[in-house]
Novice: 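Following this message is one structure expressed as structure tokens.
All chains are named by letter (A, B, ...) in the order of the sequence lines, taking the proteins before the strands, and each is independently numbered beginning at 1. Computed from heavy atoms alone, side chains included, the values below leave out hydrogens, waters and symmetry copies.
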Amino acid sequence: MLKIRSLNVAYGGLKALNDVSLDVEEGQFVAVVGPNGAGKTTLFKTISGVVAPLSGEITYRGQDLLAVPAEERAMLGIAHVPEGRQVFASMTVMENLEMGALTKKGRARWHQLLPTIFELFPVLAERREQLAGTLSGGEQQMVAIGRGLASAPDLLMLDEPSMGLAPAVVDSIFDRVELIHREQGLTILLVEQRVAEALELCDRGYVLETGNMVLEGPHDTLVSNAQVRRAYLGM
Amino acid sequence: MEALEWHIIDFFQALAAGLLVGGTYGLMCVGLGIIFGVMRVVNFAQGDFMMLGMYVTYYLVTGFGVLAFLGPYAGPVVGAALAGPIVFCVGWLVHRYLMSRVTGARVVTAEAEGHYTQIIMTLGIALILSNGGLILFGSVPLSVRTPLSSESWEIGEVFLNQARGVAFILAVVAAFGLYLFLTRSTLGKSLRAAADNPVAAAYVGVNVDRCHRFAFALGVGVTAIAGGLIASSQSFQPYIGFDFVIVMYAGVVLGGMGSILGAFWGGLTIGLVQQMSTLILPYQLQNTAIFVVFLLIVFFKPQGMFGRVWERT
């Protein structure tokens, strides 16, 4: 579905991604894990078109994604839930979700999707008229994920949904993400600093360190990998 | 006893005048508020676009008399309303060929987010408009003639100038229409989303650059309507923009930078302050009173009346 080949990205001479390749197959849950500053967010921004790469290829369902302007990539069925929540703070929860449904598919399926989003995150239904900026961090994360789901995406990209949230909140967010993947069969690409949780959920994982993909493989291989166990899982 | 009665009448007279003037100021400020809110650009040329709106109204109504068939009552009103779309088009072109070079996604990484170049650009546009106006329109003060400006409604002892009254009603209608547009329509919501968070807006499929262009054109168009409405109760010349840009900024800051609704209330307040100040201060100090209020707001409540309190920066 999503194919990235030898992607190179730099910020003013500083290399952020070095020859990165990645594959996401239809229906898979793929996780990219790695420490802070590994280039995970840069990878996402490049997929979304906010950052332009130096070289490399990104194809989405056979289409050259780099030739598509950023705002049109959402229309292709890619929903990017950005890191640090990034809700539309001065707009209500409902308006935030409506903004997610700007895509043609999202608009067409709005009346089906809204109840499922509210079912996943009942607190959003309660607070639908509240300004998103006044919500708690966990609730804002739910708005951001809900906004992504409202676009009726084929690929949901989640950038560190755990960031800055209390552990209990993180657990419930991860539960929801797993539910979305399991029940709706949605393809998910997750980047996470919380390696244990992310690897537990994924079908396939990648380990990114200072801009380089150092490891990749299916779920079982990664969790049993000695290096991963020692460095990230503390075993 | 009689003296006190006159003071009370003066008070209500100033209050009424302040409200009427404030309505058009409010609309004017909303125009600037849209541009600042969505683009985060400090537009010094806003007053000159307003001046453009005044001249467009003048030439439609009096100069070339295109709208003469509408008669002396409806003509100026329709003229002001038409100044909106005409200046909207001018704003669109100005953004397309000038503003877009110094704003938008490409300058976010520039020094001070590109504000230096933006300030120089808008100042340049302001100078070109005002001096271009001087060449094209001449320096003789003009006004849009309407019989309404010399008629008034009497409510008790208080006189309401009819030209200002009509301008007030139209300004409120236009501002309310804009409010509905921004809160109900998809395009309006997209503008607000782009204002709140341009990057997240791009992620959901909003074309942020196009939103900026629309916001700039809409903002100057709205201010031009306000200018056209004022033109029938005040004389103007090509340099009038500078006087009003101060009023507009005071209104926008008062309402809370970035709050489009707040800009209207800010403008209304400025109108009230300006007119009410004449009760205790000499006429010449009207604008000084605005500045005093402006400074008090910046000092005690820098986020303004409707500022973005939820931003924790």
Novice: Can you tell me if CZ on Phe181(B) sees more than 12 non-hydrogen neighbours from other groups inside 6.0 Å?
Specialist: yes
Novice: I'd like to know which of Ala200(B), Ala201(B), Ala202(B), Ala193(B) tops the heavy-atom pair count under 4.5 Å against chain A.
Specialist: Ala193(B)
Novice: When you measure from the side chain of Asp196(B) to the backbone N and O of Ser90(A), does any donor-acceptor pair fall under 3.5 Å?
Specialist: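 Yes, Asp196(B) side chain to Ser90(A) backbone: donor-acceptor pair under 3.5 Å.
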Novice: Is Lys45(A) atom NZ crowded by more than 12 heavy atoms from other residues, nucleotides or ligands, each under 6.0 Å away?
Specialist: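 For Lys45(A), atom NZ is not crowded (no more than 12 foreign heavy atoms under 6.0 Å).
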Novice: To the nearest 0.5 Å, how far apart are NZ in Lys189(B) and CG in Asn96(A)?
Specialist: 11.0 Å
Novice: Which bit of Val87(A) comes within less than 4.5 Å of chain B, counting heavy atoms only: side chain, backbone, both or neither?
Specialist: backbone
Novice: As a test of understanding, state which of Arg85(A), Gln86(A), Met99(A) forms a side-chain contact (heavy atoms from CB on, under 4.5 Å) with Asn197(B).
Specialist: Gln86(A)
Novice: Hey, could you give me the OH/CE distance between Tyr203(B) and Met157(A), rounded to the nearest 0.5 Å?
Specialist: 7.5 Å
Novice: Applying side chain to side chain contact (heavy atoms under 4.5 Å, CB included) to Glu71(A) and Val206(B), what does each step give before you reach the verdict?
Specialist: CA-CA 6 Å; Glu71(A) 65 273 3; Val206(B) 172; 5.9 Å; no
Novice: Can you tell whether the side chains of Arg192(B) and Glu95(A) come within less than 4.0 Å, N to carboxylate O?
Specialist: yes
Novice: Give a yes or no on this: more than 12 heavy atoms of other residues, nucleotides or ligands lie within 6.0 Å of atom OH of Tyr11(A).
Specialist: yes
Novice: Is any side-chain heavy atom of Leu102(A) closer than 4.5 Å to one of Ser190(B)?
Specialist: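 In contact.
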